[in-house]
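Report on the structure given below.
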Amino acid sequence: MKKICIYGAGAVGGHMAARLARAGLDVSVVARGPHLAAIRAQGLRLIAPDADFTVPVAASDDPAELGPQDLVISTLKAQSLGPAAAGLATLLKPDTPVVFALNGIPWWYFHGLPADGNGGAAAARLPRLDPEGQLWRHVSAERALGCVIRSPNELAAPGVVRSTSTVNTFVIGEPDNSASPRLAAVVSALQRGLPGAGASQQIRRDIWAKLVLNVPSSLTCALTVSTAPEIFAQDDMRELWRQLGTEANAVAAAHGIDAGFDLDAQIRSSGAHRHPPSMLQDLLAGRAMEIDAQLRAVQDLGRMAGVPTPVLDVTVTLLAHRARSEFAASLRQKA
């Protein structure tokens with residue numbers, strides 16, 4: 001498994017592509033705009049605490065130009081996946097797996113689960129995350145592998161990714177939680193350049209373990225334009241964070257997952273780092289935010305299980321309004 005395409009080589013995808021290419025794998029990337037032009041002209045540069053290097057990688061905004069791959073890793077935001085599904089399909093051989101590395105609830109969430117007594121669960125879908133069924137049609141859930149990334153990165157400039165941590169993890173798992181041969185092959189290939197890659201037999205637990213951090217951090221930081229240390233310094237904001245994390249944890253529990261929300265542990269791990277979460281970065285840059293996958297899908301799953309999420313409901317409404325506010329857009333233009 002040497003021919004690997006990173007679909008969406010932004011901050012996270014660019015980091016992965018650079019390290020895999022440096023390890024000798026045949027890496028290509030799907031990118032666009034000035035970032036694509038810079039990669040083609042000068043290569044892809046990674047600036048990290050432990051390295052600063054530039055690697056050449058094949059790059060295109062037309063995935064069909066890159067040809068069939070042994071492995072595809074999609075690092076697109078959830079809201080971009082459906083429109084990209086047909087292009088993604090041009091990269092696939094009959095047995096090509098696709099690793100979906102994204103924040104929030106994945107579009108394939110119920111695939112691979114055993115059916116309940118009424119034939120549910122395994123057949124259920126979350127229409128919000130693939131409203132036109134393009135991912136099911138062009139890619140199919142049978143190809144999907146889940147991936148939970150903990151790797152803080154930013155695009156420092158076109159063609160330049162800045163990584164802010166020496167600890168980067170990439171937890172990958174099958175939707176049916178099996179230790180499949182293809183999972184082992186994917187992890188083995190990625191570990192050549194990404195030693196933090198590992199296999200999981202409980203990928204939904206890993207997804208929720210990150211979500212009970214993402215839900216409170218995305219909402220509180222984006223609504224207040226603050227980072228975690230500023231939030232945790234205020235008693236009232238720390239309590240809001242706790243309430244949001246507790247609600248997300250309750251939704252996970254109703255679906256059979258122990259997400260392990262622990263406010264004190266989150267304060268210890270995040271309370272000293274002024275790294276803006278991705279949703280705040282997107283808000284300030286005027287980009288679409290992952291509100292559906294990170295937040296509204298949690299609401300949907302809560303309603304499916306009869307779990308109330310009153311604080312989440314109010315704050316998601318506020319954030320969605322802020323995202324479409326003309327006044328907020330004018331402030332971004334002035335920044």
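Contact of the L183 side chain with the Q201 side chain is registered, since non-hydrogen atoms from C-beta on lie closer than 4.5 Å. Using a 4.5 Å heavy-atom threshold, the side chains of D236 and L240 count as separate. Between K2 and R192, some side-chain heavy-atom pair lies under the 4.5 Å cut-off. Contact of the H255 side chain with the V251 side chain is registered, since non-hydrogen atoms from C-beta on lie closer than 4.5 Å. Within the 4.5 Å cutoff, no side-chain heavy atoms of H275 are placed close to those of S165. Between H15 and R19 the shortest side-chain heavy-atom distance falls below 4.5 Å. When side chains are defined from C-beta on, M289 does not count as touching L295, because their heavy atoms never get closer than 4.5 Å. Side-chain atoms of M16 and L194, non-hydrogen and from C-beta on, do get closer than 4.5 Å to each other.
The shortest heavy-atom contact between L129 and A293 is CD2-CA, 3.7 Å. Here the closest non-hydrogen pair linking F261 and R242 is CE2-O, 3.7 Å. Nearest heavy atom pair, residue C5 against residue L91, reads SG-CD1, 3.8 Å. The shortest heavy-atom contact between V161 and G10 is CG2-O, 3.8 Å. Closest approach of P195 and G193 over heavy atoms only: CD-O, 3.5 Å. The heavy-atom pair separating P63 from V30 by the smallest distance is CB-CG2, 4.0 Å.
Note on V160 and L155: separate hydrophobic clusters, where clusters join Ile, Leu, Val, Met, Phe, Trp and Tyr whose side-chain heavy atoms are under 4.5 Å apart, directly or indirectly. Hydrophobic clustering, with ILVMFWY side chains joined whenever heavy atoms are under 4.5 angstrom apart, keeps I47 apart from F53. Both I105 and V307 sit in one connected hydrophobic cluster of ILVMFWY residues. Membership requires side-chain heavy atoms under 4.5 Å apart, directly or through other members. Grouping the Ile, Leu, Val, Met, Phe, Trp and Tyr side chains by contacts below 4.5 angstrom, directly or via other members, places L113 with W108. Linking Ile, Leu, Val, Met, Phe, Trp and Tyr residues whenever their side-chain heavy atoms come within less than 4.5 Å leaves L36 and V29 in two separate clusters.
Remark: side-chain polar atoms of Q281 are paired, donor with acceptor, to backbone N or O of P276 under 3.5 angstrom. The backbone N or O of P158 lies less than 3.5 Å from no partner atom in the side chain of H35, so there is not a single donor-acceptor pair. Using modelled atom types, one side-chain atom of R238 and one backbone atom of F232 make a donor-acceptor pair closer than 3.5 Å. Put simply, the side chain of R204 gets close to the backbone of Y109: a donor and an acceptor are under 3.5 Å apart. In this structure, the side chain of E154 does not engage the main chain of R162 through any donor-acceptor pair within 3.5 Å. A donor-acceptor contact shorter than 3.5 Å is absent between the side chain of S218 and the backbone of V215. Distance alone, capped at 3.5 Å, places no donor-acceptor pair between the Q42 side chain and the R40 backbone. A donor-acceptor contact shorter than 3.5 Å is absent between the side chain of S28 and the backbone of A58. With hydrogens and angles ignored, the 3.5 Å screen pairs a side-chain donor or acceptor of D130 with a backbone N or O of L135.
Put simply, CG on L190 and CZ on F170 are 8.5 Å apart, with the number rounded to the nearest 0.5 Å. Note: L213 CG to K210 NZ = 8.0 Å, rounded to the nearest 0.5 Å. Annotation: the span from Q191 atom CD to L20 atom CG amounts to 11.5 Å, rounded to 0.5 Å. For the atom pair T224 OG1 and L280 CG, the distance stands at 8.0 Å (nearest 0.5 Å). A distance of 10.0 Å separates CE of M279 from CG of L223, quoted to the nearest 0.5 Å. Between the CD1 atom of I149 and the OG atom of S278 there is a distance of 11.0 Å, given to the nearest 0.5 Å.
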Could you walk me through whether D62 and S60 pass the side chain to side chain donor-acceptor pair (under 3.5 Å) test, one step at a time? CA-CA 5 Å; D62 180 2; S60 178; 5.6 Å; no

Could you go through I203 and V148, starting from their C-alpha distance and side-chain angles, then the distance that decides it, and tell me whether this counts as side-chain contact (heavy atoms from CB on, under 4.5 Å)? CA-CA 8 Å; I203 191 62; V148 177; 4.2 Å; yes

The test is salt bridge (Lys or Arg N to Asp or Glu O under 4.0 Å); show your working for K3 and D70 and say whether it passes. CA-CA 5 Å; K3 195 172 178 63; D70 297 321; over 6 Å; no

I'd like to know whether L219 forms a side-chain contact (heavy atoms from CB on, under 4.5 Å) with L312, so could you lay out the CA-CA distance, the side-chain angles of the two residues, the decisive distance to 0.1 Å, and finally the verdict. CA-CA 9 Å; L219 281 163; L312 179 60; 3.6 Å; yes

Quick one, E174 with L145, criterion side-chain contact (heavy atoms from CB on, under 4.5 Å). Give me CA distance, side-chain angles, the key distance, then yes/no. CA-CA 5 Å; E174 289 277 7; L145 293 170; 3.3 Å; yes

If you apply the rule side-chain contact (heavy atoms from CB on, under 4.5 Å), what do you find for R205 with V171, and how did you get there? CA-CA 11 Å; R205 182 202 60 188; V171 177; over 6 Å; no

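By the 6.0 Å contact criterion, CZ on R137 is enclosed, its count of non-hydrogen atoms from other residues, nucleotides or ligands being greater than 12. Shown here is D176, whose CG atom has more than 12 heavy atoms of other residues, nucleotides or ligands within 6.0 Å. Atom CZ of R143 has more than 12 heavy atoms from other residues, nucleotides or ligands within 6.0 Å. Within 6.0 Å of CD on E132 lie no more than 12 heavy atoms contributed by other residues, nucleotides or ligands.
The aromatic rings of W107 and W136 stand perpendicular to each other, their planes meeting at an angle above 60°, with 30° marking the opposite boundary.
If you check the side chains of E247 and Q243, you find no donor sitting under 3.5 Å from an acceptor. Between the side chains of E230 and T227, at least one donor-acceptor pair of N or O atoms lies under 3.5 Å.
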